[in-house]
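A short worksheet on the structure shown next.
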There are 2 protein chains.
Amino acid sequence: MSANRDSAQKRASAPLTDFERPSVAVDTAVLTVADGALCVVLVPNAEGWRLPGTFVHAGETLALAVLRSLRQKAGIEGVHPRQLHVFDAPHRDDRGWVMSVAHLVTVPAASVADTVLAGSTVLTPWHDAHDAHDLVCDHAQILRMAVETLRQSYRTHADPDRLLGTEFTLYELLRLHETIAGERLGKDTFRRHMRDQLVETDSHRPGVVGKPATLFRHGSS
Amino acid sequence: MSANRDSAQKRASAPLTDFERPSVAVDTAVLTVADGALCVVLVPNAEGWRLPGTFVHAGETLALAVLRSLRQKAGIEGVHPRQLHVFDAPHRDDRGWVMSVAHLVTVPAASVADTVLAGSTVLTPWHDAHDAHDLVCDHAQILRMAVETLRQSYRTHADPDRLLGTEFTLYELLRLHETIAGERLGKDTFRRHMRDQLVETDSHRPGVVGKPATLFRHGSS
DNA sequence: TAAATAGTGTCTATAAGACAATATATG
DNA sequence: CATATATTGTCTTATAGACACTATTTA
């Protein structure tokens, strides 16, 4: 029975060379919100635009491979990769058997300018996430999953990815949520949902005209 | 610059042999609900209990590897694997560099008896999912993720995994949800939530005493 | 004071949850 | 009829969303 043969192989001390092994890559949707638009980092290659990615090296976790690829290809540092899904169709990559583990990373809009400067030899191309067509193989699907995951996390929390700074007005938070959700949200209902997650400060941010808005910080959670 | 070298490698026609590659395995939490308990399939090995799993073979998708491992090790057929997460800690397996892609599979309680018979040489050990301790490496974490994923899908749908048969009473559905959620649910609120997802039939299931319950089927969704 | 933005009070429609009443079976 | 289970009606309370009102700033 083949089940016995399989078990015997797994109990042996060096069974790993008995099998052909796949190459494992990571591909990452780097998202930010800037000027009321949800943006993603795309890099050009021969066949079109793609998400930044790399092969995973020995002794490296997937998350570290993501960090390495973003540092090298987009000059992005200090982020927290979230795993989304493994894409494993046997012939999705014509170079051979390559699985890709899709990831999501978010970058605060405030650090986008720094990011561009850091990758000195590489243009860091931010694109509107909703206008990103013609991506290679399954990268459009990765982008959709990333946006949906971001939406899900912002549906229940004020700013889990700290896309705003430490202090922000409720209207800035509202515009962030509207951009991520892709729809208008009632301001008064929104306030009531967010207030108990936030801490009011003594400071205010004056606008060009009108009553200055109270600044808030994140709660202890 | 190392980014350039990396790009050159990826554009070459046979770059896949330049890197050491990981072994990729699948491990699956097979869940069912039987007699008011959430149960999981565990198989014994030298270090303790573990979830059924196998290495992924060349030319095979992750889902197919899951199906093969369940057929061989537990006699389970006709299921639909759902991907949960990749476990990738570099030294999680002392045989070498092994990543494991965790999966969730559900089996209707009605087919559990058949499943046991089908694996003629293998005892199919169902265990209470909440009493499953002492699992090898990260399998306890996989089980937690599987249970949470199952709970999430039953929070919004009547019986997405078809754990009940084609016809069932609302009280049978209520007991299923209570077992999965791990808490009591109000019966009248539950009815109102479920009714519009279900189709009432002309049939009834008589109990030992009392008014026979109406049988329902799933809606068109 | 006029205009603009920030923040709050209140009303209504809807949904959740608990409780009670009704319906239909067995013995 | 007594009892047990199924099913529905209704009441209370909480929440969502819309609207309008108040507050505070600049010009």
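This is a predicted model, so every value here is computed, not measured. A note on names: the letters A, B, ... follow the listed sequences, proteins ahead of strands, and every chain is numbered from 1.
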Pick out the pairs of N or O atoms, protein on one side and nucleotides 22-26 of chain D on the other, that lie under 3.5 Å.
from, atom 1, to, atom 2, distance (Å)
dT24(D), O2, Lys211(A), N, 3.4
dT25(D), O2, Gly210(A), N, 3.4

Just the table, please: protein N/O against nucleotides 12-18 of chain C N/O, every pair under 3.5 Å.
from, atom 1, to, atom 2, distance (Å)
dA16(C), OP1, His193(B), NE2, 2.6
dA16(C), OP2, His193(B), NE2, 3.3
dA18(C), N7, Asp188(B), OD2, 3.4
dA18(C), N6, Arg192(B), NH2, 3.1

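Contact annotation: Arg195(B) does not reach the phosphate of dT7(D) (side-chain N/O to OP1 or OP2, under 4.0 Å). Side-chain N/O atoms of Thr214(B) include one lying less than 4.0 angstrom from OP1 or OP2 on dT7(D).
Among residue pairs with one or both ends in residues 139-153 of chain A, those qualifying as salt bridge (charged side-chain N to carboxylate O under 4.0 Å, His left out) are Glu148(A)-Arg155(A); sequence neighbours excluded. Within the structure, salt bridge (charged side-chain N to carboxylate O under 4.0 Å, His left out) pairs that include any residue of residues 30-48 of chain A do not occur (at least two apart or interchain).
Taking atom CZ of residue Phe190(A) and atom P of nucleotide dA6(C), one finds them 13 Å apart after rounding to whole Å. The separation between Glu200(A) atom CD and dG7(C) atom C1' is 10 Å, rounded to whole Å. At whole-Å resolution of the value, CZ in Phe216(A) and P in dA6(C) are 12 Å apart. Taking atom CG on Leu198(A) and atom C1' on dG7(C), their separation rounds to 15 Å, with Å as the unit. Atom CZ of Arg205(B) and atom P of dT26(C) are 16 Å apart (whole Å). Going from atom NE2 of His204(B) over to atom P of dA4(D) covers 23 Å, rounded to whole Å. The NZ atom of Lys187(A) sits 11 Å away from the C1' atom of dC21(D) (whole-angstrom rounding).
For the pair Tyr154(B) and Leu163(B), the minimum side-chain heavy-atom distance is below 4.5 Å. Side chains of His193(B) and Thr189(B) form a contact here, defined as non-hydrogen atoms less than 4.5 Å apart.
Residues from residues 163-178 of chain A placing a heavy atom under 4.0 Å of any atom in DNA chain C do not occur.
More than 12 heavy atoms of other residues, nucleotides or ligands sit less than 6.0 Å from atom CG of Asp128(A). Counting heavy-atom neighbours within 6.0 Å of His80(A) NE2, excluding the residue itself, gives a total of 12 or less.
With sequence neighbours excluded, no residue forms a side-chain hydrogen bond (donor to acceptor under 3.5 Å, both in side chains) with Thr149(B).
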Given side chain to side chain contact (heavy atoms under 4.5 Å, CB included), test Leu198(B) with Arg217(B) step by step and report yes or no.
-> CA-CA 6 Å; Leu198(B) 303 176; Arg217(B) 296 173 186 272; over 6 Å; no
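When all heavy atoms of Trp126(B) and Val107(B) are compared, the pair lying nearest together is CH2-CB, 4.4 Å. Between Ala63(B) and Asp88(A), the closest heavy-atom pair is N-OD2, 4.2 Å.
Using cut-offs of 30° and 60° on the angle between ring planes, the pair His177(B) and Phe190(B) is perpendicular.
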